[in-house]
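Okay, so here's the structure we're looking at.
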Protein chains: 2
Amino acid sequence: MDADRPHAAAPATPRYAPLYQQVREMLVARLAAGEWKPGEALPSELDLAARFNVAPGTLRKAIDALAAQNLVVRRQGKGTYVATHTEEHASSFRFLRIRSDTGATEYPGSRLVDVRRGRASADAARLLALKPGEAVLQLRRVLEFDGAPVVCDDITLPAALFKGLTRTRYEAYDGSMYGFFETEFGVRMLKAHERIKAVAADATAARLLRVAPGAPLLAVERVTTTFGDRPVELRRGLYATAHHHYSNDLG
Amino acid sequence: MDADRPHAAAPATPRYAPLYQQVREMLVARLAAGEWKPGEALPSELDLAARFNVAPGTLRKAIDALAAQNLVVRRQGKGTYVATHTEEHASSFRFLRIRSDTGATEYPGSRLVDVRRGRASADAARLLALKPGEAVLQLRRVLEFDGAPVVCDDITLPAALFKGLTRTRYEAYDGSMYGFFETEFGVRMLKAHERIKAVAADATAARLLRVAPGAPLLAVERVTTTFGDRPVELRRGLYATAHHHYSNDLG
DNA sequence: CAGTGGTCTAGACCACATC
DNA sequence: ATGTGGTCTAGACCACTGG
């Protein structure tokens with residue numbers, strides 16, 4: 001690109017980077033920069049192909065890759081849209097793996113119990129790529145299925161990215177927490193890694209989840225990342241699994 | 001295919017099936033029938049395109065889909081190979097989500113504790129699509145990381161598919177359990193669904209995993225399927241997560 | 001060197017959504 | 001009717017592998 005030389009670009013670290021990957025990276029950069037906002041349509045494929053001076057097929061392959069990463073969503077006959085957490089009233093199960101044993105597909109209610117400012121522990125700093133002691137926000141929220149508490153999450157956020165986050169403001173927002181982060185703070189949660197253990201409920205968890213102290217709970221530690229694999233959320237959750245389970249597909 | 005009319009095939013249930021999907025399904029059928037065995041190379045793309053009377057690009061897209069499902073593996077310059085569980089000495093972590101907390105990537109040892117014949121419980125029958133009381137094999141095996149037991153699996157298999165499975169025969173086999181199933185019984189594990197809960201260790205589990213009775217454990221119920229989403233294995237595992245965790249990527 | 005998968009191009013046509 | 005993404009085709013050329 002740049003010029004009209006198809007795939008003669010100078011190799012960076014790998015010996016060679018396919019044109020469609022280069023185009024993909026340019027598109028990601030523009031998405032990250034907010035050239036097209038979540039929920040908006042990208043220009044048409046032919047338009048983009050012309051801009052980047054590549055064949056439609058090449059441009060298409062680049063967008064295929066973005067769609068596979070869930071960065072954009074294609075809608076036949078309409079266009080290609082920037083992925084958003086604000087429309088996923090069904091597909092918000094993308095980051096929510098807890099399910100009712102009965103298979104009921106009800107969407108849980110979220111209750112924000114507490115918001116406070118604090119400083120990153122050594123642990124949190126490491127996982128969030130912050131300096132120990134940097135300012136963070138600590139949220140605690142409870143997920144309720146059919147009125148019964150099932151999940152208790154302790155969420156740690158870099159304060160610098162979420163200036164002005166308050167409990168009131170969250171409660172004024174209608175939608176998922178990641179929708180809230182996206183809309184109000186421009187932070188887009190793209191990928192997450194979870195580490196799961198089994199633990200015994202301590203007094204606090206027992207009270208919040210209404211289980212006996214010492215009852216076995218799932219402990220889920222999630223690090224969520226945005227563009228460039230930059231960690232922007234640390235979430236430690238305790239799941240009561242008497243009537244619910246963590247669902248996972250391998251394949 | 002069939003004729004030389006590109007995509008005029010009669011719609012079945014969906015209004016319309018793309019040619020490359022039809023080709024994909026024909027390839028899956030041949031894979032399931034064993035026309036090419038695990039580890040073997042498929043014919044070249046040009047060859048297959050000619051056989052199916054489609055353009056190389058269309059055949060390629062069909063194989064792309066198979067590769068995305070991990071049914072085949074492409075190797076540039078060499079060919080496209082049927083996926084196998086017998087070569088994945090590294091990538092066998094595809095179906096093994098337990099990891100050491102220290103990040104050590106050691107491969108665990110597997111010890112088959114017990115093999116017995118039995119009849120399917122109502123539960124097992126439902127999950128394996130058998131009739132209650134049908135003959136099954138019950139295996140119990142322990143996974144050890146660095147000599148310490150971490151996972152105890154109770155595995156239920158339809159006896160009809162695994163005739164002649166004995167402990168001796170497993171111990172004579174050098175490789176993973178799914179490699180054993182594939183090589184010795186022609187059963188290919190393709191996908192799995194897991195449901196995870198936290199439970200307290202009972203006396204048996206406590207002894208096998210060397211934890212205190214009542215200690216919290218991960219309980220992982222896995223249903224593994226082969227071609228056509230046919231369930232062929234039910235696996236109930238207990239994971240000791242003091243120094244290990246279940247690792248999962250979302251995104 | 002020949003053979004394989006991988007990339008790129010170019011254009012025709014289909015299906016879907018919207019006006 | 002128009003514009004969008006989706007499919008299909010056809011052929012040239014590149015990169016990797018192995019004899």
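Residue numbers begin at 1 in each chain, while the letters A, B, ... track the order of the sequences. Side chains included, hydrogens not; waters and symmetry mates left out as well; all remaining heavy atoms used.
For A:Leu19, the listed nucleotide lying nearest its side chain is C:dC8; candidates were D:dT7, D:dT4, C:dC8. Ranking C:dG6, D:dT9, D:dG5 by closeness to the A:Thr80 side chain, first place goes to D:dG5. Of the candidate nucleotides C:dT9, C:dG6, D:dG5, D:dG5 has the atom nearest to the side chain of A:Glu45. Comparing C:dT9, D:dG6, C:dG6 by their closest approach to the side chain of B:Arg60 singles out C:dG6.
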Please walk me through it: do B:Asp229 and B:Lys191 pass salt bridge (Lys or Arg N to Asp or Glu O under 4.0 Å)? CA-CA 8 Å; B:Asp229 289 321; B:Lys191 293 191 297 191; 2.9 Å; yes
Side chain to side chain contact (heavy atoms under 4.5 Å, CB included), that's the test. Do A:Glu87 and A:Tyr81 meet it? Break it down for me. CA-CA 12 Å; A:Glu87 292 174 359; A:Tyr81 294 78; over 6 Å; no
Pair B:Thr84, B:Glu182 - check side-chain hydrogen bond (donor to acceptor under 3.5 Å, both in side chains), show working. CA-CA 8 Å; B:Thr84 172; B:Glu182 171 188 304; 2.5 Å; yes
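Rounded to whole angstrom, the span from the CZ atom of A:Arg24 across to the P atom of C:dT7 amounts to 13 Å. Taking atom OH of B:Tyr20 as the reference point, atom P of D:dT9 lies 13 Å away to the nearest angstrom. When rounded to the nearest whole Å, the span between NZ of B:Lys61 and P of D:dG6 equals 8 Å. Between the CG atom of B:Asp64 and the P atom of C:dG5 there is a distance of 12 Å, rounded to whole Å. Put simply, CD on A:Gln21 is 11 Å from C1' on C:dT7, counting in whole angstrom units. One can place CG of B:Asn53 at 14 Å from P of D:dC8, the figure rounded to the nearest angstrom. Whole-Å rounding puts the A:Asp47 CG to D:dG3 P distance at 13 Å. Between the OH atom of A:Tyr81 and the C1' atom of D:dG3 there is a distance of 11 Å, given to the nearest Å.
A salt bridge is absent between B:Asp153 and B:Arg222; no separation between the charged side-chain nitrogens and carboxylate oxygens falls under 4.0 Å. Salt-bridge check for A:Arg74 with A:Asp64: passed, with a basic side-chain N closer than 4.0 Å to an acidic carboxylate O.
Using a 30° and 60° split on the angle between ring planes, A:His244 and A:Phe145 fall in the tilted class, from 30° to 60°.
Within residues 68-75 of chain B, the residues approached by DNA chain C to less than 4.0 Å at the level of any non-hydrogen atom are B:Arg74, B:Arg75, in residue-number order.
Counting heavy-atom neighbours within 6.0 Å of B:Arg75 CZ, excluding the residue itself, gives a total above 12.
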Dump the pairs, protein N or O against N or O of nucleotides 17-19 of chain D, anything under 3.5 Å, distances to one decimal.
| from | atom 1 | to | atom 2 | distance (Å) |
| --- | --- | --- | --- | --- |
| D:dG18 | OP1 | B:Lys78 | NZ | 3.1 |

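Residue B:Thr58 has a polar side-chain atom (N or O) positioned under 4.0 Å from OP1 or OP2 of D:dT9.
Summary of the strand contacts: B:Ile63 and A:Leu59 both lie near DNA chain C, and taking for each the nucleotide with the nearest heavy atom, the more 5' one is attributed to B:Ile63.
Side-chain contact between A:His245 and A:Asp101 is present, with heavy atoms from C-beta onward closer than 4.5 Å.
A donor-acceptor pair is defined here as one N or O able to donate and one able to accept, closer than 3.5 Å; no such pair exists between the side chain of B:Arg97 and the backbone of B:Asn248.
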